[in-house]
Asks: 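Before I ask anything, let me first share the structure, which is written out below as structure tokens.
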Amino acid sequence: MQRKKECVAMLLAGGQGSRLYALTNNIAKPAVPFGGKYRIIDFPLSNCINSGIDTVGVLTQYEPLELNEYVGNGQPWDLDRAFGGVHILSPYQAKKKSSWFEGTANAIYQNMSFMRKYNPDYVLILSGDHIYKMDYAKMLATHKKTGAACTIAAIEVPIEEASRFGILNVKDDGSIYQFEEKPKIPKSNLASMGIYIFTADKLFSYLEADEKNPSSSKDFGKDVLPAMLNAGEKMYSYIFKGYWKDVGTISSLWESNMDLLGAEPVFDVADPDWKIHSRSALAPPVYVGNTGKVVNSLMAPGCEIDGLVERSVLSCNVVVEKGAVVRDSVIMANTVIKAGATVNYSIVDENVVIEAATVGEERSKATGIAVLGAGIKIGAGANVKGGAMLDSDVKGE
């Protein structure tokens, strides 16, 4: 008897993340650090294992090296399995045809042999760049109950933002009668989360048909889902009520980090009933010196604080020297903020050195979030304005 998995997850993690500018110059968006000790991909991977789904294909393409190393054998997420587990799936050369992934649907199509290896009844399609906690098992139970060919997770968004999303128009029973990809005038505010559960044989059939269609853009939202609706397939929505954030922009990445702060955070990563697993750096405990002060902030292991840190999120091994000030900012690993420096309303990537300079502006007065790319140096006396996007050194005055 062939061994099988009831449900296989396919995690789309190959995006460039161009709207994150300097933060994704050399890494894929799902590998971007988040919340001090995590990376964005930790959230869908943790959701999978917490939901009882232990077979995950991670589809990579853009700058995959760091993401591949981070995921590794899947051990931090309990996904190091002899049968199943996590597998990195990159574009490869085949005898008949080979190409880069041409769209979300084509990426899944090119990996049908991986899915068929496990003979699944259902396939869960995920995006690698969202921050949320979701029990996919409940969504799968709903999919089975309705007998749907496809179930789409959806969340209500402000109607003025609905044109940014794929919008579902549904009947009272949750069945979908229309799917509109980023409509100029949306009919509803029910936005697709980019999370789909397909009955496996239906998915394979429509992927094969889509691949043969020369006019298709090989995308789920633009091509495959409308084709299923037009064919009269049963498609249902699954309404999600929890926290969900697409961190594809600088502002959303900053906001979601800030949502972790406070006595009752908007998004709680410390929930013992839904642990977020990660591959954490080996580092000593946080040290706060006699002159150090930390207010309403998160700090990962290895941080050394002798200055002032307020309303900020610091990754591993960040140093804030005596006399330095960090406010309303996200500071990534191994960055050094030297004595006399002030950092306001900024996102600072890994391995940055900020001498006695000013980076960003007070949030109440700022024209935007200042962003410093990885490995750069800001010289003493320099003044980096709010909204600046830098990926090279700035000399001091």
Asks: Below 4.0 angstrom, N of the basic side chain to O of the carboxylate: do D54 and K5 qualify?
Replies: yes

Asks: Heavy-atom distance under 4.5 Å between the side chains of V348 and V330, does that happen here?
Replies: no

Asks: So, does W244 use its side chain to make a donor-acceptor pair with the main chain of Y132 at under 3.5 Å?
Replies: no

Asks: Mind checking the CG-CG spacing from N50 to D135? Nearest 0.5 Å is all I need.
Replies: 8.5 Å

Asks: Under 3.5 Å, side chain of S51 to main-chain N/O of Y136, donor-acceptor pair present?
Replies: yes

Asks: Donor-acceptor check, side chain of S329 to backbone of Y345, threshold 3.5 angstrom: yes or no?
Replies: yes

Asks: Determine yes or no for a side-chain-to-main-chain donor-acceptor pair under 3.5 angstrom, with D246 supplying the side chain and H130 the backbone.
Replies: no

Asks: For T358 and N383, test the side chains for any donor-to-acceptor distance below 3.5 angstrom and give the result as yes or no.
Replies: no

Asks: When you measure from the side chain of T335 to the backbone N and O of V318, does any donor-acceptor pair fall under 3.5 Å?
Replies: no

Asks: Parallel, tilted or perpendicular for F43 and F267, by the 30°/60° rule?
Replies: tilted

Asks: I'd like to know if the side chain of T24 and the backbone of I27 have a donor-acceptor N/O pair within less than 3.5 Å.
Replies: no

Asks: On a heavy-atom basis, which atom in L67 and which in I41 lie closest, and how many Å separate them?
Replies: CD1-CD1, 3.7 Å

Asks: Quick one: do I331 and V384 end up in the same hydrophobic cluster if we chain Ile, Leu, Val, Met, Phe, Trp and Tyr together by side-chain heavy atoms under 4.5 Å apart?
Replies: yes

Asks: So, do V71 and I88 sit near enough that their side-chain heavy atoms are less than 4.5 Å apart?
Replies: yes

Asks: Would you say S46's side chain and H277's backbone share a donor-acceptor pair under 3.5 angstrom?
Replies: yes

Asks: Can you see whether D223 engages Y206 through a side-chain donor-acceptor pair at a distance of less than 3.5 angstrom?
Replies: no

Asks: Does D328 reach the side chain of W254, with side-chain heavy atoms less than 4.5 Å apart?
Replies: yes

Asks: Is the closest side-chain heavy-atom distance between V336 and I354 below 4.5 Å?
Replies: no

Asks: Please work out which of the three classes, parallel, tilted or perpendicular, describes the rings of H87 and Y118, given edges at 30° and 60°.
Replies: tilted

Asks: Which pair of non-hydrogen atoms, one from C316 and one from A281, has the smallest distance, and what is that distance?
Replies: SG-CB, 3.9 Å

Asks: Are E362 and R311 close enough for a salt bridge, meaning some N to O gap below 4.0 Å?
Replies: no

Asks: How many angstroms lie between CG in L140 and NZ in K138, if you round to the nearest 0.5 Å?
Replies: 13.5 Å

Asks: Report the distance from atom CD1 of I195 to atom OG of S127, rounding to the nearest 0.5 Å.
Replies: 8.0 Å

Asks: Do the numbers put R39 on top of the ring of F34, so that NZ or CZ is under 6.0 Å from the six-membered ring centre and no more than 45° off the axis?
Replies: no

Asks: Tell me the closest heavy-atom pair linking D349 and M332, and the distance in Å.
Replies: OD1-SD, 3.4 Å

Asks: Could you measure the distance from the CG atom of L261 to the CG atom of N296? Nearest 0.5 Å is fine.
Replies: 5.0 Å

Asks: Under a 3.5 Å threshold, yes or no: a donor from one side chain and an acceptor from the other, between W274 and D268?
Replies: no

Asks: Looking at A300 and V286, what are the two nearest heavy atoms and their distance?
Replies: O-CG2, 3.3 Å

Asks: Does this structure show an ion pair linking K377 with D393, if we count only N-O contacts that are shorter than 4.0 Å?
Replies: no

Asks: Side-chain contact test, heavy atoms from C-beta onward, threshold under 4.5 Å: evaluate it for T367 versus E361 and give yes or no.
Replies: yes

Asks: Using the rule that two of Ile, Leu, Val, Met, Phe, Trp, Tyr join whenever any of their side-chain heavy atoms come within less than 4.5 Å, decide whether I337 and V359 are in one cluster.
Replies: yes

Asks: Between K144 and E6, is a salt bridge (charged side-chain N to carboxylate O under 4.0 Å, His left out) present by the stated rule, with each step listed?
Replies: CA-CA 12 Å; K144 293 178 185 177; E6 180 186 35; 2.5 Å; yes

Asks: Answer yes if the side chains of D259 and Y243 hold a donor-acceptor pair under 3.5 Å, and no otherwise.
Replies: yes

Asks: Just one of F220, F204, Y122 clears the ring-ring contact (aromatic ring centres under 6.0 Å, His included) bar with F198, so which one?
Replies: F220

Asks: Between K4 and D121, is there a side-chain N and carboxylate O pair less than 4.0 Å apart?
Replies: yes

Asks: Using only atom types and a distance under 3.5 Å, with no angle test, would you say the side chain of S216 pairs donor to acceptor with the backbone of P214?
Replies: no

Asks: At their closest point, which heavy atom of V157 faces which heavy atom of A162, and how far apart are they?
Replies: CG2-CA, 4.0 Å

Asks: Does any part of the side chain of L59, heavy atoms only, come nearer than 4.5 Å to the side chain of L11, both counted from C-beta?
Replies: no

Asks: Closest approach of N317 and P284, non-hydrogen atoms and distance?
Replies: OD1-CD, 4.5 Å

Asks: Mind checking whether M389 and I250 have side chains closer than 4.5 Å, heavy atoms only?
Replies: yes

Asks: Is the closest side-chain donor-acceptor distance between N169 and E180 under 3.5 Å?
Replies: yes

Asks: Looking only at side-chain N and O atoms, does D173 offer a donor or acceptor that is under 3.5 Å from a partner on S175?
Replies: yes

Asks: With a 4.0 Å cut-off on N to O distance, would you call K338 and E321 a salt bridge?
Replies: no

Asks: Would a distance-only check, ignoring hydrogens and angles, find a side-chain to backbone donor-acceptor pair under 3.5 Å from S188 to I167?
Replies: no

Asks: Within the 4.5 Å heavy-atom criterion, are V294 and V288 side-chain neighbours or not?
Replies: yes

Asks: In Å and rounded to the nearest 0.5 Å, what is the NZ to CD distance from K202 to E233?
Replies: 3.5 Å

Asks: Determine yes or no for a side-chain-to-main-chain donor-acceptor pair under 3.5 angstrom, with N257 supplying the side chain and L253 the backbone.
Replies: yes

